[in-house]
Amino acid sequence: MRRTAATTSGKRRMTRTGASRQCEDQEMPAVYQEMLAEAEARDPHAFDSTRQIKRRRVQTADAPSRPPGSSTNDTRETRGEEAAQAVQTVYDSPSSEESDMEWEEVDLEQKSSRAGVLSGSSPAAGQDEDSIQITLDAPTAQRQKTVSRKPISNAERKLRLDIHKVHLLCLLHHVQIRNLWCNDDHLQGFLKQMLPRRIISLLNPPEDKPQHVRSTTFVDGLNQASEIFLRRFRITSPGIQRPHWAENLEAVTHKAESIMADTEVFLSKDDFLEQARNLRGSRDFGAQLFCALLRSAAVEARLVCSLQPLPLSGAVTDRTPAKKSHSQYITTSSDDREVSTDKRSPSDTAPSRPRRLARPQLVPSRPRKVTSTRPARRESSYPVFWVEAFNEMVQKWIPVDPLVTKSLAKAFKFEPPSSDPYNCMSYVVAFEEDASARDVTRRYTKAFNAKTRKLRVETSKNGEQWWLRALQFYEKPFLEDRDIAEMSELTSKTAAEPMPRNIQDFKDHPFYALERHLRRNEVIFPKRVIGQVSLGKSGSKHEKLEPVYRRSDVHTVRSADKWYRLGRDVKLGEQPLKRVPASGPRELDDNGTAAETAMYALSQTEVYTPPPVVNGRVPRNGYGNLDIYVPSMVPPGGVHIPHPNAAQAARILGIDYADAVTGFSFKGRHGTAVFEGVVVAEECHDAMREVLAGLDDQQAQAVSDAKSMEMLQLWKTFLLKLRIAERVKAYAIEGGEADGEVTDDEMAEMEGGFLPESDPDEGGGFLPESD
DNA sequence: TTGAGAAATCCAGCTTTGCACGTC
DNA sequence: CGACGTGCTTTGCTGGATTTCTCA
């Protein structure tokens, strides 16, 4: 049998190595033995052909399930299973050739023989199992790798963006509420007792002193107020923390539970005020009280919050492992096969899993639960809430954080490193006493353009508008000088941001661009190098310098065809800025070079002017119609009438017209032109309008006529039926008593039986006969 | 520890002026 | 026999984005 296979299915055989052909019988066992020995888990020459790859894949896929079978302690069962699997394998490969069938048989036999070898030759079944399980590691590891690499789907990405936005809005409102609570008179009155009169006077320096003296006095006052507050306020519960995406509902609930276990919740202003009297709570609460404290001393104070919304993307690291471990445990207990999966998983996935689990998602929650007795929970060493006090003397807002960083006027101390699992700075919003708010992120971030911006909605489509609109709600009715000054300060700070020193920060950077990040349809022109970025370790032999360009010199380019679709024409004599390999079937020219498409920038094009309408003659393209992709493509002296009856009207008028192609539909394999009305000479516009009105009237009339006809038909049917019924009734009376009884009873039924038949369709068939 | 680069994977965008066949 | 209507080849392919892993 095997021999036959070898000779007949020559093709298949060819692909195999000669050696493998010779020892076909022993091949499988040999391979398996090798595998068992864990020497060459995936011996390449064992299955070496393109076709075989398919088969191998099947087998490897099956493989993991097989060893578990053997681990059921029943070798006979194992064999049966293998046989079944062999058949499967067979089934898979024959798709290509019939001779494969023979092949399969070979396979089968080999496998069963191998099974025999396994059960017979291997002395200890347990050993066998072990070794088999080990061999399986390789494929499984691969499979799991692929699974874990699965990127999030587009739908989920959209969902995340939406949730991110909603979360932002909620957080904004949350801070606003707290900000307004800080204005409470009772609260301020209570807090004010904390401040000695001396400090209050420091915070409000006399106006007759020189400016710089007043300024230092004010700062001194802030300093002392912070110290006092720090001494009085006790941090007893956690504040807001950076959130992460959870994989499933279970994780969410779990997390929610653990958060709610020790989080401070103020359901109302009264709660808030009451807790304020204790002077204890979260660091966030502390910052809010400090804000109220400063306001009580007539200091203009802003409540500042680094909003912690759910991130736009990422966090897959702490999602997949959780899921995987979960599912694995389930399968483990459920089925023999998975037993091996289970045994396997500790060996190869476990090392990485705990590490991942220890990442953001679970760590904050687990310890929280466990440590409910001991408040050793971890929190970021950077605040989420702090205060900005307005130094009138220098017209500047001074950041003050009495509790966490214990800093004053040190804006650079607030940004946590991106690796901080508990705090991420992406939006910093400052709320003033008058309930207005401003985005002051730029004051606190070191690399807004290069890094922070990528965490914000600005990276999404129309994200910038969205954020501006969201903040518009909190905008002041009119801006004061100091607001303008602050805005320009923030802008200039961003503009002064140094050039990134690594490649990835250049990606999507608003000011700089690298050639390597250009899209297919982008080009840098003119090529003005404005800097260099070093690749590789500085000083190492691999170090290379890559030129940096302005983002404003990056242009979108299109092919002449594409520009034509937009109603633009490449100017005469313009040379393409770029050439890209043509899309579609990759065919080589006679020269052996792939076809290329020339690309032009917007500035190289002008609005396309079609040939004009002359003497009522409308110009046409090669297809006998006219391209009107944009309104500007209507020829001079012509007019586009996008009416479905326009062609008919033009024919009635006997004037020249051209069908207008406005686009293409791609329902079929080939795009088909979409026609929308016609183009006629301008002078015929009025006539066309009249004719079209007439046609519309006619159409309306026709519709109404059809309706009347339908009504009349219905009446006709109805009358006819009445007549039939009458006739039948007459027969019944003539026919005597018995008939009469029947008639009365069955009349209804008869009619009942008639009616469905005479319903719309069939009634039509019935009537002509009766006529 | 950080970042560059490779690999794996999915998705969006591009395609861009029919045709065969059946019925009336 | 011709006009007309309907349904299907539906394609793929590729670039870009994202994520993870490895290595320097």
Side-chain angles (χ1 to χ4, degrees), chain A residues 141-161 245 247 311-321 323-324 348-349 351-353 355-356 359 417-420 447 450-451 454-455 459-461 500-508 514 516-522 533-546 556-566 578 580-587 594-595 597 599 620-629 658-676:
Chain A
Q142 268 191 347
R143 201 170 44 174
Q144 284 176 351
K145 207 191 270 176
T146 61
V147 168
S148 69
R149 271 197 196 156
K150 201 173 189 172
I152 64 170
S153 74
N154 211 38
E156 187 165 355
R157 195 169 296 130
K158 270 184 191 136
L159 182 67
R160 286 188 181 196
L161 174 61
W245 290 99
E247 166 58 22
L312 285 166
S313 65
V316 174
T317 35
D318 60 12
R319 302 169 22 167
T320 17
K323 183 189 180 188
K324 216 184 274 166
D348 59 355
T349 63
S352 61
R353 216 192 313 149
R355 212 190 323 138
R356 288 194 203 145
R359 301 267 292 260
S418 59
S419 53
D420 189 332
K451 296 194 191 288
K454 290 178 186 151
L455 305 170
T459 46
S460 70
K461 207 179 154 209
R501 268 177 291 171
N502 62 66
I503 301 288
Q504 48 195 20
D505 281 357
F506 278 101
K507 194 149 195 250
D508 302 321
L514 295 184
R516 64 163 68 194
H517 291 146
L518 287 185
R519 306 222 172 82
R520 223 172 87 93
N521 61 343
E522 282 178 343
V533 61
S534 72
L535 263 178
K537 285 257 158 51
S538 61
S540 80
K541 59 183 182 235
H542 300 295
E543 188 180 5
K544 259 190 295 182
L545 288 179
E546 202 163 310
T556 303
V557 290
R558 290 176 222 273
S559 65
D561 261 5
K562 282 275 157 50
W563 280 122
Y564 180 63
R565 302 278 157 186
L566 295 169
K578 190 180 188 180
V580 297
S583 59
R586 299 267 178 274
E587 284 168 8
T597 310
M599 309 283 273
R620 278 153 233 266
N621 63 17
Y623 302 98
N625 47 43
L626 200 51
D627 304 317
I628 310 288
Y629 304 123
D659 291 320
V661 176
T662 55
F664 291 90
S665 87
F666 296 95
K667 265 183 198 156
R669 184 192 294 170
H670 304 280
T672 46
V674 172
F675 293 95
E676 235 175 87

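Here is how names work: the chains are called A, B, and so on, in the same order as the sequence lines, proteins then strands, and each is numbered from 1.
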- So, do A:Lys578 and A:Asn521 sit near enough that their side-chain heavy atoms are less than 4.5 Å apart? no
- When you check the side-chain N and O atoms of A:Asn621 and A:Tyr623, is any donor under 3.5 Å from an acceptor? no
- Task: Please check the phosphate of B:dG3 (OP1 and OP2 only) for any side-chain N or O of A:Arg501 closer than 4.0 Å.
- Result: no
- Integer angstrom distance from the C1' of C:dC8 to that of C:dG12: 16 Å
- Task: Under 4.0 Å between any heavy atoms, over every strand shown, what does A:Asp659 touch: base, sugar-phosphate, or nothing? Just pick one.
- Result: nothing
- Side chain of A:Arg520 - closest among C:dG15, B:dG3, B:dT17: C:dG15
- Message: From CD of A:Glu522 over to C1' of C:dG15, roughly how many Å is that when rounded to an integer?
- Response: 13 Å
- Side chains of A:Tyr629 and A:Thr662: does their closest heavy-atom pair fall under 4.5 Å? no
- Message: What's the closest nucleotide to the side chain of A:Gln504 if the choices are B:dT17, B:dG3, C:dG16?
- Response: B:dG3
- Item | Separation of atom CG in A:Leu159 from atom C1' in B:dC11, rounded to whole Å | 17 Å
- Base, sugar-phosphate, or nothing for A:Asp627, non-hydrogen atoms under 4.0 angstrom? base
- Looking only at atom P, what distance separates B:dT15 and C:dG16, rounded to whole Å? 14 Å
- Could you tell me whether C:dT10 is syn or anti, where syn means a glycosidic angle within 90 degrees of zero? syn
- Task: Using whole Å, report how far CZ of A:Arg565 lies from P of B:dT17.
- Result: 8 Å
- Would you mind classifying the nucleic acid contact of A:Asp561 as base, sugar-phosphate or nothing, using non-hydrogen atoms under 4.0 angstrom? nothing
- Note on the structure: Residue set satisfying side chain to side chain contact (heavy atoms under 4.5 Å, CB included) with A:Ser559, at least two apart, ordered chain then number -> A:Asp561, A:Lys562, A:Thr597, A:Met599
- Message: Just N and O in the side chain of A:Arg516: are any of them under 4.0 Å from OP1 or OP2 of B:dG5?
- Response: yes
- Query: For A:Ile503 and B:dG5, what is the distance between atoms CD1 and C1' respectively, to the nearest whole Å?
  - Reply: 11 Å
- Message: Does a side-chain N or O of A:Lys562 approach OP1 or OP2 of B:dG13 to a distance below 4.0 Å, or not?
- Response: no
- Query: What integer number of Å spans the C1' atoms of B:dG13 and C:dT10?
  - Reply: 15 Å
- Just compare C:dA17, B:dT17, B:dG3 and give me whichever is closest to any side-chain atom of A:Lys507. C:dA17
- Note on the structure: Sorted by chain and number, sequence neighbours left out, side chain to side chain contact (heavy atoms under 4.5 Å, CB included) with A:Ser418 holds for none
